[in-house]
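Below, read A as the first sequence line, B as the second, and so on, with proteins coming before strands; counting in each chain starts at 1.
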2 protein chains.
Amino acid sequence: MSNGHSGQRFGGESLLFLTDEQLRQGIEAMFFAYRGFTADPDRILAEMAYGRAHHRAIHFINRAPGTTVNNLLSILGVTKQSLNRVLRTLIGDGLVESRVGTVDKRERHLFLTEQGHALEATLSDAQRARMRSAFKDAGPEAVQGFKQVLEAMMDADMRRAYTKMRETGS
Amino acid sequence: MSNGHSGQRFGGESLLFLTDEQLRQGIEAMFFAYRGFTADPDRILAEMAYGRAHHRAIHFINRAPGTTVNNLLSILGVTKQSLNRVLRTLIGDGLVESRVGTVDKRERHLFLTEQGHALEATLSDAQRARMRSAFKDAGPEAVQGFKQVLEAMMDADMRRAYTKMRETGS
DNA sequence: AGTTTAAGTCAGCGTTGTTGACATTCCAAG
DNA sequence: CTTGGAATGTCAACAACGCTGACTTAAACT
């Protein structure tokens, strides 16, 4: 499997960036960076009775208003019971509105209320600020590489959801 | 804060990679990619009574053998009680050995046992395989950008731990 | 001798994930 | 019309893994 020599020259092409040591660095970079990635929203959410799951739900409802519960489920990759618990509190607190579908009345379409938009903006601003700072420090070429590697790291399902969102957005 | 126009040309320099839309893509890429990043080890761990926290502990004990509990605490960024619960099971199951310090007998130095190394290798192989595939698909320049952005996304403490590990390694 | 530090432990709590079982509502096919 | 399946929601129970607070033990520092 892992021979520790995958980075030696092979067939005349330098593969030094594929050594186990380089891969380990990538793994640790992901670990530490993800902590930074979630740190700012987590701080804000901790003051309320909310957690990261609420943030994710709010993010994707804002991103795709009117999405059904099932669709949100497949994007978030959790069980319906887990999501339902989160949605129940958000709806109860007046941050999310659930409208019965017109063509299929079994479906519930989810929307952010004014209050929900306010929280979404607060959380997004914090997270974007860090991302913007990181992008700025690293430069445009680095950002392109960053996105390429992340996309290559996704499962096929996730990549489909990601690219679909990318097309829909702006 | 976020005006949605930060990507317009400014001072003759193209900052199109800093639009809110670009930042949002980066945020969603991180979210989806992290799921892929943890998916393979999670599958393996789910078969045992272990979780992600056990993986992290094993990873860094392997990475810095003989590390003290306090040091591991600051790397992982959790409370002593949280880490202790994980360490107790790992020591009890014979995956980790805790040796009393020779110079300072209050300290406990942590090491992987043979069994611990076996699990570490299994988990690492799975995680590295995905990282290797992603790196290979994206290419060396993309990998460099990936690491640059991630490092810029870390908190100062994390960046210090990350770069320190990077120097120690290889 | 007194204080601080490292580590471990116990009790309790919150968020977020999981399964399993079950009710409701609605659409669609027989 | 009845029946089966799909979408949704709810209840109960549980596990992983964060957290705080309080407390003990042992060793080191001052």
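- Residues K147(A) and E151(A) are not paired through a salt bridge, judged by the lack of any N-O separation under 4.0 Å between the basic side chain and the carboxylate.
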N/O donor to acceptor pairs below 3.5 angstrom from side-chain atoms of residues 79-89 of chain A, sequence neighbours left out:
{"unit_1": "T79(A)", "atom_1": "OG1", "unit_2": "S82(A)", "atom_2": "N", "d": "3.3"}
{"unit_1": "T89(A)", "atom_1": "OG1", "unit_2": "H54(A)", "atom_2": "NE2", "d": "3.2"}
{"unit_1": "T89(A)", "atom_1": "OG1", "unit_2": "V86(A)", "atom_2": "O", "d": "2.8"}

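- A heavy-atom distance below 4.0 Å to DNA chain C is reached by none of the residues of residues 32-41 of chain B.
- Residues that satisfy the side-chain hydrogen bond (donor to acceptor under 3.5 Å, both in side chains) test with T38(A), not counting sequence neighbours, are R52(A).
- Atom CZ of R24(B) is separated from atom CG of N62(A) by 9.0 Å, given to the nearest 0.5 angstrom.
- Heavy-atom contacts of chain A under 4.0 Å fall on DNA chain D between two terminal nucleotides, which in 5' to 3' order are dG5(D) to dC11(D).
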Checklist outcome for this item: Under a 4.0 Å heavy-atom criterion, the protein footprint on nucleotides 3-14 of chain C, written with B, S and -, is --BSBBBB----

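- Comparing H54(A) and K105(A) along DNA chain C, the residue whose closest nucleotide (by nearest heavy atom) sits nearer the 5' end is H54(A).
- Listed by chain and residue number, T67(A) satisfy the side-chain hydrogen bond (donor to acceptor under 3.5 Å, both in side chains) test with N71(A) (two or more places apart in sequence, or in another chain).
- Classification of the F60(B)-F31(A) ring pair by plane angle, with boundaries at 30° and 60°, yields tilted.
- Using a 3.5 Å distance cut-off with no hydrogens or angles, the side chains of E28(A) and H59(B) do pair a donor with an acceptor.
- One finds no salt bridge joining E167(A) and K164(A) here, because no Lys/Arg side-chain nitrogen approaches an Asp/Glu carboxylate oxygen to under 4.0 Å.
- A straight line from CG of D93(A) to P of dT15(C) spans 11 Å, rounded to a whole angstrom.
- The distance from atom CG of L45(B) to atom C1' of dG17(C) is 15 Å, rounded to the nearest whole Å.
- For the pair M30(A)/F37(A), no side-chain contact is recorded, criterion being any heavy-atom separation below 4.5 Å from C-beta on.
- T19(A) contributes atom OG1, which lies 10.0 Å from atom CZ of R128(B) (distance to the nearest 0.5 angstrom).
- Nucleic acid contact for V103(B): sugar-phosphate only, since backbone atoms but no base atoms lie under 4.0 Å from a heavy atom of the residue.
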